[in-house]
Number of protein chains: 2
Amino acid sequence: MTRGTGRGGNPAAPRSVDVARLAGVSQKTVSRVFNDEQYVSADVRRRVLEAAEELGYRRNNAARALASGRTRSIGVVTLGTALYGPASLLMGVERALRDTGYALRVVNTMEGDPAGIAGAVDSLLDQGVDGIVISEPIDEQKTDGGVALRVDVPVLVLGAPSPVGAPTVLTAGDGADLMARIATEHLLSLGHVTVHHLAGPQRWYAARDRLDGWRTTLAAHGRAVPAVVEGDWSAASGYAAGRLLASDAAVTAVFAANDDMAIGLIRALTEAGRRVPEDVSVVGFDDIPVAAYVTPPLTTVPQPFDAVAQEGLKRLVHAIENPHADPLPASDPPVDLLVRSSTAPPPNRTTPARGERSAATNSPGADTGATGPQANGGPSTPH
Amino acid sequence: MTRGTGRGGNPAAPRSVDVARLAGVSQKTVSRVFNDEQYVSADVRRRVLEAAEELGYRRNNAARALASGRTRSIGVVTLGTALYGPASLLMGVERALRDTGYALRVVNTMEGDPAGIAGAVDSLLDQGVDGIVISEPIDEQKTDGGVALRVDVPVLVLGAPSPVGAPTVLTAGDGADLMARIATEHLLSLGHVTVHHLAGPQRWYAARDRLDGWRTTLAAHGRAVPAVVEGDWSAASGYAAGRLLASDAAVTAVFAANDDMAIGLIRALTEAGRRVPEDVSVVGFDDIPVAAYVTPPLTTVPQPFDAVAQEGLKRLVHAIENPHADPLPASDPPVDLLVRSSTAPPPNRTTPARGERSAATNSPGADTGATGPQANGGPSTPH
DNA sequence: GTGAAAGCGCTAACAG
DNA sequence: CTGTTAGCGCTTTCAC
């Protein structure tokens, strides 16, 4: 079979031997140049590069992967939704990957997907990735009661502790409880007797984590822990929850597990005649792009998606390239709170009681990041 | 070199010969079974599958790609932002790809990225994809004045006409002008003398397309075409534009090129004492998840991301697998309008003038999709 | 229906 | 510093 008739692929595509021939060197030398190996004279390198350029040579990645046993790609399992959190994390992962030389393969898993996360991981393994990122996993009702998947590449779990068994399982961005804590502290520091919680779906670790942070904070302050209302992240569910909460006069402060629900909640409260923040204060979570521009501008906890993705990827790549070394230590992402106009002291109290105020002021993280221009809700460019 | 010492990859991973040995057949037969080829007896097939199962065999994709010249993967170039539109399209593409057997590789390109779209396509080509999807491309200021990239796989461009030269270039979802048209018609039908436009960044085809639809509609009705205000898709830019427009008493209706800007715009108008919709009507674009729950609930044009992605991918896969056949024809996605509470007749006119009304009512597409429950802005679950 | 042989284009090991 | 020799694990071609 003559050259050019080759099966599959572009028949005319030049191979490294062609470059070698043109440059007057061996095929292996071409390989050396393209792998940036040392011990190649500047002159030879230049000749090879020129020949490659002239021929329009492009290294065949399949052959490379086959010969080396590494695909130089990382797979991401993410929820198949345009939800702000998962979408932002995915973008963060891609951005973090750009400089590492790894390619990105993406597989979605939907809630209710029969194959679930295990199926997504499996398909990634089929494709042959060097590492896997599982973003914001949710609990799945497995018939067999456990994921028995054998994973032989390092795994990074974003936004939750590890649910899989792999040689290296890293975790990043699972500190939402701390963020929930400062949200709750903020509300208490304004003088609210207690804080209600509009939770996310409890199948999500991220939702449980936020709930835990809220509950812990109330307990630490000796406050009553009201019944939790659970939503599904959507503004519609926040609206439904708002109708419930609006009828309870004891509700003066609500911490919502994400901004979409907070916005639906505020709408329901407003329609019911309960003003925000005069009658009820609301804190959201995420800092979605419109959070500063809704009415009233939303006090919320921004999530450090990029920082989490970047830090996690760095550790994942390290684990891939140094299989026997100790994993890099995790570092805590920054915790912040954007105080805008949806929170205020409770009604029927001209000024917050002294005790309340100091209790919160003494707490770590309370009011952190109440940056100037946004503190009063005057819209300015949010980050 | 003994088996198991093999370079790279999991040393213990079974290969097809191992399966063949265990099943008592030739290696080629294993290949046949896994490729669902015909001419394999049911008995042999069963034995091979059992042996594979027992060994935990997983086909090596790199070897497959090398031998066949096809990677069975598709690359997507998308903007590295969590903007609702691009993110939704990406999810739609993944979902559409699930059933086709192709894997998804993602490369982002950021605005201002020196390599730009061409660089992203190049890296996808390096990885060896069988087809490429370019999502919502933006114009780039190339020093050489043109993308000279040689692409030898089919390309699908989402949300714009093709900017690249490839053997097959398909287009899907580039009908935003029609959607902009019904938005504008809606406003005119309410009796507004003209409609202002808060445009997206004009480097985006999607933004230009919406602007065109708006301008065309005004022209068709013989209305004045006011100066365009350009934003950057963000709520912050919508807010800035709102401050400008609020001071102009002639502004009674604004069509914003996306919901985020519409929300920022509404905030600015409200702060300036111009009520929405009593004094100024606002129509958005996209139908982001919170659109039905902001104040006032936003009248907007939902985008059929999933339909566009699905339709486009079907055609792309067809082009990949039938290189010499004619491309599948494109079909127009559905056009819709969700009338909520941010639009109303203009002030100073107790009822719309007869002439205005009929002019719009006679136009095709006006008021399309004004579904019942949402027509009055009472939040209900948006799709 | 099934098998044997021959690569796909590259990297790994070792020799110079 | 550079070249030679073997494969990586499949699919393809062609023979049986």
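Chain naming here is simple, since letters A, B, ... match the order of the sequence lines and numbering starts at 1 in each.
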Over how many whole Å does the gap from [X] atom [atom1] to [N] atom [atom2] extend?
X      : N      : atom1 : atom2 : value
B:D36  : D:dC10 : CG    : C1'   : 17 Å
B:N35  : D:dG9  : CG    : C1'   : 13 Å
A:R15  : C:dG9  : CZ    : P     : 5 Å
B:E37  : C:dT2  : CD    : C1'   : 11 Å
B:D126 : C:dG9  : CG    : P     : 16 Å
A:L55  : C:dG9  : CG    : P     : 14 Å
B:R70  : D:dT11 : CZ    : P     : 12 Å

Side-chain N or O of [X] less than 4.0 angstrom from OP1 or OP2 on [N]?
X     : N      : answer
B:N61 : D:dC10 : no
A:S31 : C:dT11 : yes
A:N60 : C:dC8  : no
B:R64 : D:dC10 : no

Review point. Checking salt bridge (Lys or Arg N to Asp or Glu O under 4.0 Å) for the pair B:R95/B:D306: CA distance, chi angles, key distance, verdict?
Key: CA-CA 8 Å; B:R95 226 165 297 173; B:D306 275 1; 3.1 Å; yes
Exercise for review: Can you see which heavy atom on A:A103 is nearest to which on A:L97, and at what distance?
Suggested key: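 Closest heavy-atom pair between A:A103 and A:L97: O-CD2, 3.9 Å.
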Review point. For B:V17 and B:Q27, which heavy atoms make the closest approach, and how far apart are they?
Key: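 Reported closest heavy-atom pair: CG1-CG, 3.8 Å.
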Point to revise | A:D126 and B:R59 ion-paired at < 4.0 Å | key: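 Salt bridge flag = no for B:R59 with A:D126.
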All N/O contacts under 3.5 Å from nucleotides 1-3 of chain D to the protein, with atom names and distances to one decimal?
unit_1	atom_1	unit_2	atom_2	d
D:dT2	OP1	A:S41	OG	3.1
D:dT2	OP2	A:S41	N	2.8
D:dT2	O4	A:R32	NH2	3.4
D:dG3	OP2	A:S26	N	3.1
D:dG3	OP2	A:S26	OG	3.1
D:dG3	OP2	A:T29	OG1	2.5
D:dG3	N7	A:R32	NH1	3.4
D:dG3	O6	A:R32	NH2	2.6

Exercise for review: Take A:T71 and A:D130 through the test side chain to side chain donor-acceptor pair (under 3.5 Å) and record every step on the way to the result.
Suggested key: CA-CA 6 Å; A:T71 61; A:D130 294 343; 3.3 Å; yes
Check your understanding: According to the salt bridge (charged side-chain N to carboxylate O under 4.0 Å, His left out) rule, which pairs have a member within residues 313-329 of chain A, sequence neighbours left out?
Key ->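 Counting only pairs at least two positions apart or across chains, the salt bridge (charged side-chain N to carboxylate O under 4.0 Å, His left out) contacts touching residues 313-329 of chain A are A:E311-A:R315.
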Check your understanding: At what distance, to the nearest 0.5 angstrom, does CD1 of B:I74 lie from CG of B:L316?
Key ->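 These two atoms lie 4.5 Å from each other.
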Check your understanding: How would you label the contact of A:Y57 with the nucleic acid (heavy atoms, under 4.0 Å): base, sugar-phosphate, or nothing?
Key ->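 Sugar-phosphate, no base atom in range.
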